[in-house]
Enquirer: 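Just passing along the structure, written as structure tokens.
Chain letters run A, B, ... following the sequence lines, proteins first, then strands; residues in each count from 1.
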Amino acid sequence: MQSKSPTPLYRQVYRLVRQVPPGRVVTYGQLARQLGCTPRTVGFAMAALPVGHDLPWQRVINSRGEVSRRTSGDGELIQRLLLESEGVVFDEKERVDLAVYGWELAEN
DNA sequence: AGGTTGACAAAGG
DNA sequence: GCCTTTGCCAACC
């Protein structure tokens, strides 16, 4: 039990993302709701991802079922390739069907 | 201690 | 169904 060192919020976000199996995706809103904070905070946690992480950040998308666009870099293109590599199919609008690939987070 | 930034979501037109 | 505006909270300087 973390006596007085509260686990940073983004640390909990990473744990939730790690529980997402390949071929499935989750939205920022879902993570935010599980963490009890706003989606903004979740997005911020992803933006603070350190280099050399083994976290499947590509499985985290927005509520529209589309990959988010970062302020810099071509990560959006890489993310789509990674998801397709896991079996996720994108439509002509570059969007994913959350009703099919949407993964439900565990309570814990 | 305060201000700025940031990978969003929901509602309205 | 698409586009625009508002609100949101936490980390970093």
Side-chain angles (χ1 to χ4, degrees):
Chain A
M1 314 267 288
Q2 309 69 359
S3 35
K4 56 175 167 213
S5 284
T7 310
L9 190 62
Y10 59 90
R11 196 59 99 188
Q12 300 193 19
V13 176
Y14 300 157
R15 183 179 295 192
L16 290 177
V17 177
R18 278 190 181 122
Q19 81 177 336
V20 179
R24 294 287 183 264
V25 292
V26 290
T27 67
Y28 299 92
Q30 287 179 282
L31 297 173
R33 229 155 137 168
Q34 283 295 336
L35 296 174
C37 59
T38 60
R40 274 277 188 190
T41 312
V42 178
F44 188 38
M46 311 304 290
L49 276 173
V51 280
H53 59 36
D54 50 345
L55 179 80
W57 56 274
Q58 59 259 29
R59 293 175 195 150
V60 184
I61 59 178
N62 56 23
S63 62
R64 296 188 279 188
E66 190 184 46
V67 293
S68 328
R69 227 173 156 193
R70 292 189 309 169
T71 51
S72 91
D74 49 344
E76 64 178 81
L77 183 61
I78 298 174
Q79 181 170 11
R80 179 175 151 199
L81 293 175
L82 287 170
L83 289 175
E84 287 183 321
S85 182
E86 292 184 348
V88 180
V89 180
F90 286 74
D91 58 359
E92 291 80 9
K93 293 173 192 157
E94 298 185 349
R95 295 211 317 211
V96 187
D97 189 347
L98 293 174
V100 178
Y101 299 102
W103 178 254
E104 188 175 350
L105 296 169
E107 293 78 29
N108 187 1

Enquirer: Between A:Trp57 and A:Leu82, is any pair of side-chain heavy atoms under 4.5 Å apart?
Expert: yes
Enquirer: What nucleic acid atoms does A:Ala48 come within less than 4.0 Å of, heavy atoms only: base, sugar-phosphate, or nothing?
Expert: nothing
Enquirer: Quick check for you: among C:dA11, B:dA7, C:dC9, whose closest atom lies nearest to any side-chain atom of A:Tyr10?
Expert: C:dA11
Enquirer: State whether the side chain of A:Gln30 and the backbone N or O of A:Trp103 hold a donor-acceptor pair below 3.5 Å, judged by distance alone.
Expert: yes
Enquirer: Considering only C:dA10, B:dA7, C:dC9, which nucleotide approaches the side chain of A:Met46 most closely?
Expert: B:dA7
Enquirer: Whole Å only: how far is the CG atom of A:Leu31 from the P atom of C:dC9?
Expert: 17 Å
Enquirer: With a 4.5 Å heavy-atom cut-off, do A:Thr38 and A:Thr41 have their side chains touching?
Expert: yes
Enquirer: Can you sort out the partners of A:Arg95 under side chain to side chain contact (heavy atoms under 4.5 Å, CB included), two or more places apart, ordered by chain and number?
Expert: A:Glu66, A:Asp91, A:Lys93
Enquirer: From C-beta outward on A:Gln79, which listed nucleotide comes closest to its side chain: C:dC9, B:dA7, C:dA11?
Expert: B:dA7
Enquirer: To the nearest Å, give me how far apart CZ (A:Phe44) and P (C:dG7) are.
Expert: 21 Å
Enquirer: Please report, rounded to the nearest Å, how far the P atom of C:dC9 is from the CZ atom of A:Arg11.
Expert: 23 Å
Enquirer: Under 3.5 Å, which N/O atoms of the protein pair with N/O atoms of nucleotides 9-13 of chain B?
Expert:
| residue | atom | partner | partner atom | Å |
| --- | --- | --- | --- | --- |
| B:dA9 | OP1 | A:Ser63 | N | 2.7 |
| B:dA9 | OP2 | A:Ser63 | N | 2.9 |
| B:dA9 | OP2 | A:Ser63 | OG | 3.2 |

Enquirer: With heavy-atom distances below 4.5 Å as the criterion, would you say the side chains of A:Gln58 and A:Glu86 are in contact?
Expert: yes
Enquirer: Please state how far atom CG in A:Leu35 lies from atom P in C:dA10, giving the value in whole angstrom units.
Expert: 11 Å
Enquirer: Which ring pair (Phe, Tyr, Trp, His ring centres under 6.0 Å) pairs, counting each pair once, include a residue from residues 12-34 of chain A, with sequence neighbours left out?
Expert: A:Tyr10-A:Tyr14
Enquirer: Which nucleotide, C:dC9, B:dA7, C:dC2, lies nearest any side-chain atom of A:Arg70?
Expert: B:dA7
Enquirer: Mind calculating the distance between CD (A:Gln12) and C1' (C:dA10) to the nearest angstrom?
Expert: 12 Å
Enquirer: Heavy atoms, side chains only, cut-off 4.5 Å: are A:Leu9 and A:Cys37 in contact?
Expert: yes
Enquirer: For A:Cys37 and for A:Arg95, locate the closest nucleotide of DNA chain C by heavy-atom distance; then report the residue assigned to the nucleotide nearer the 5' terminus.
Expert: A:Arg95
Enquirer: Side chain of A:Leu9: nearest nucleotide among C:dA11, B:dA7, C:dC9?
Expert: C:dA11
